[in-house]
2 protein chains.
Amino acid sequence: MISQTAEYALRAVACLATYPKTSLTAPRIASITKVPASYLSKVLQALGKARLVKSQRGLHGGFLLARPADKISLLDVIDAVDPIRPITQCPLDLETHGKNLCPLHDRLNDAIMLIQKAYRNATVGELVSQTGKSKPLCDMPDRKKIS
Amino acid sequence: MISQTAEYALRAVACLATYPKTSLTAPRIASITKVPASYLSKVLQALGKARLVKSQRGLHGGFLLARPADKISLLDVIDAVDPIRPITQCPLDLETHGKNLCPLHDRLNDAIMLIQKAYRNATVGELVSQTGKSKPLCDMPDRKKIS
DNA sequence: GGATAAATGGATATTTATATCTACTTTTTA
DNA sequence: TAAAAAGTAGATATAAATATCCATTTATCC
C-alpha cells in the first residue's frame with residue numbers, strides 16, 4: 001500500500017522520535033531500522049527537504065526531528081518521499097467527461113482519500129508513546145543504551 | 001494506491017459489465033479501455049484464472065463476466081492481479097515482538113484493512129448502474145453501437 | 001477439411017523503483 | 001589549521017513491474 005521508500009522514511013522518523021533531541025547519524029539510523037544505509041541517506045535528504053528533519057554536518061552531526069513527533073503525521077512523512085495524490089482527472093483523459101471522474105475513478109479516489117485521512121490523523125508521536133497495549137516499536141535499543 | 005495492472009483489470013471488468021452477455025475480444029476491450037492490447041491479454045488471463053471472467057476461443061470468441069457484475073467486488077478484481085495483503089508480521093522480523101506488530105506496522109495495517117473493506121463493499125455492478133449523479137463510465141460506446 | 005479469428009503461453013524488451021558506490025563538501029574539535 | 005566525522009550529490013547497478021512480440025492451440029464458419 002505504501003512504497004518501500006515510504007516505509008523506510010517512516011522507520012527513520014519513528015527512530016528519531018524514539019530518541020528525541022538526540023542527533024543520530026545516518027548509518028546509526030540505518031542499523032537500528034534495518035534499512036540499507038546508502039539508500040537511507042537519500043531518504044533522509046528527502047525528509048530534510050520536506051523540513052521534517054534537520055541535519056547537522058561535521059563531527060557529532062546527524063539527524064534530528066525538525067519539530068515535535070506529535071506534530072508530524074504519517075502522511076507528512078509519506079508525502080515527503082512518495083506523495084499520495086488524489087485522482088484529479090480520469091486517466092483515460094477523454095473529453096466527454098472533462099473534469100468529472102467516472103464512477104470507477106470516483107471509487108478509487110474515495111479509497112485514496114480514506115487512506116490520506118487515516119495517515120493524516122496518525123502522528124509519529126503516537127507511535128512511540130506506547131499507550132496501552134501497544135507493542136515495542138521495532139526493537140529499538142533503550143535510550144540509555146544509545147546516548 | 002493500486003498498481004497499473006489492477007487499474008487495467010478494473011477497467012476491463014467495468015467494460016465487460018457495461019455490455020453484459022456480450023462476448024468482447026481482448027483487442028476490443030483494449031481499445032475501449034485504452035489499455036495496451038498485448039498487456040491486457042495477460043491481465044484477462046489472470047482474471048480468467050480467478051474465475052471472474054470466462055473466455056471463449058475461436059471465431060466470435062472473447063470474454064464475458066463469469067457472474068453478475070453486482071456479485072463482483074472491486075477487491076475481487078484487484079486481488080486477482082495484485083493482491084492486497086494485510087501485514088502479518090513486522091518486516092524487520094525481530095524475535096522480540098514475535099507475532100505482534102509494532103505500532104508503526106499496526107497503523108499501516110489498519111490502513112490496508114480500511115482499503116480492503118472499501119473495495120470489498122464496492123461492486124462492479126454499482127459502477128455501471130449510474131445511479132444519481134454518477135458520471136459516464138470512461139466514455140464507452142453505447143450498447144447499440146457495439147453489438 | 002481449409003481458412004479465419006480468437007485466446008494462450010513463452011520469451012523478450014523497456015521502464016521505473018530500489019539500491020549501491022564513489023568523490024566531494026561542510027563542520028567540528030583537538 | 002589539519003584531521004576526522006558526517007552529510008551531499010552524481011553516476012551507476014540491480015530488481016521488479018510493465019509492456020511487447022511471436023508461435024501455438026482452439027474454435028467457428030463456409
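Below, all heavy atoms of this structure are taken into account, side chains as well, without hydrogens, waters or symmetry copies.
- Scanning both residues, A:C15 and A:T33, for their nearest heavy atoms gives CB-CG2, 3.7 Å.
- Phosphate proximity of D:dA19 to B:Y8: present, with a side-chain N or O under 4.0 Å from OP1 or OP2.
- Residue-to-nucleotide proximity on DNA chain C shows that, of A:Y39 and B:K49, the 5′-proximal contact is made by B:K49.
- There is no side-chain donor-acceptor pair under 3.5 Å between A:Y8 and A:S3.
- The stretch residues 40-48 of chain B comes close to DNA chain C through B:K42, B:Q45, each having a heavy atom under 4.0 Å from the strand.
- Listed pair B:S38 / D:dC21 fails the phosphate criterion, with no side-chain N or O lying under 4.0 Å from OP1 or OP2.
- Between the two ends of the helix from C:dG1-D:dC30 to C:dA30-D:dT1, each summarised by a five-pair axis, the helix axis turns through 10° (rounded to 10 degrees).
- Backbone-only engagement by A:A26 is indicated by non-hydrogen atom pairs under 4.0 Å involving sugar-phosphate atoms exclusively.
- As a whole-Å value, the separation of A:R28 CZ from D:dA5 P is 16 Å.
- Listed by residue number, A:Q56, A:R57, A:G58, A:L59, A:H60 are the residues of residues 54-68 of chain A with a heavy-atom contact under 4.0 Å to DNA chain C.
- Within the 4.5 Å cutoff, no side-chain heavy atoms of A:F63 are placed close to those of A:T25.
- Linking ILVMFWY residues whenever their side-chain heavy atoms come closer than 4.5 Å, directly or via other members, places A:I84 and B:Y119 in the same cluster.
- Side-chain atoms of B:L16 and B:L64, non-hydrogen and from C-beta on, never get closer than 4.5 Å to each other.
- B:R51 approaches B:R67 most closely through the heavy-atom pair O-NH1, 4.0 Å.
- Residues A:A69 and A:A17 share a closest heavy-atom pair of CB-CB, 3.7 Å.
- The side chain of B:T25 approaches C:dA7 more closely than any other nucleotide in the set C:dA7, D:dT18, D:dT20.
- Between A:A80 and A:L52 the shortest heavy-atom distance is CB-CD1, 3.9 Å.
- What you find for B:Y19 and B:L24 is that their closest heavy atoms are CD1-CD1, 3.7 Å.
- Two residues are said to be in side-chain contact when any heavy atoms from C-beta on lie closer than 4.5 Å; A:L127 and A:L74 meet this criterion.
- Straight-line distance from the CD1 atom of B:I29 to the C1' atom of C:dA7: 11 Å, rounded to whole Å.
- Following rounding to the nearest Å, B:K34 (NZ) and D:dA19 (P) show an atom-to-atom distance of 15 Å.
- Across A:H105 and A:I87, no two heavy atoms sit closer than the pair O-CD1, 3.9 Å.
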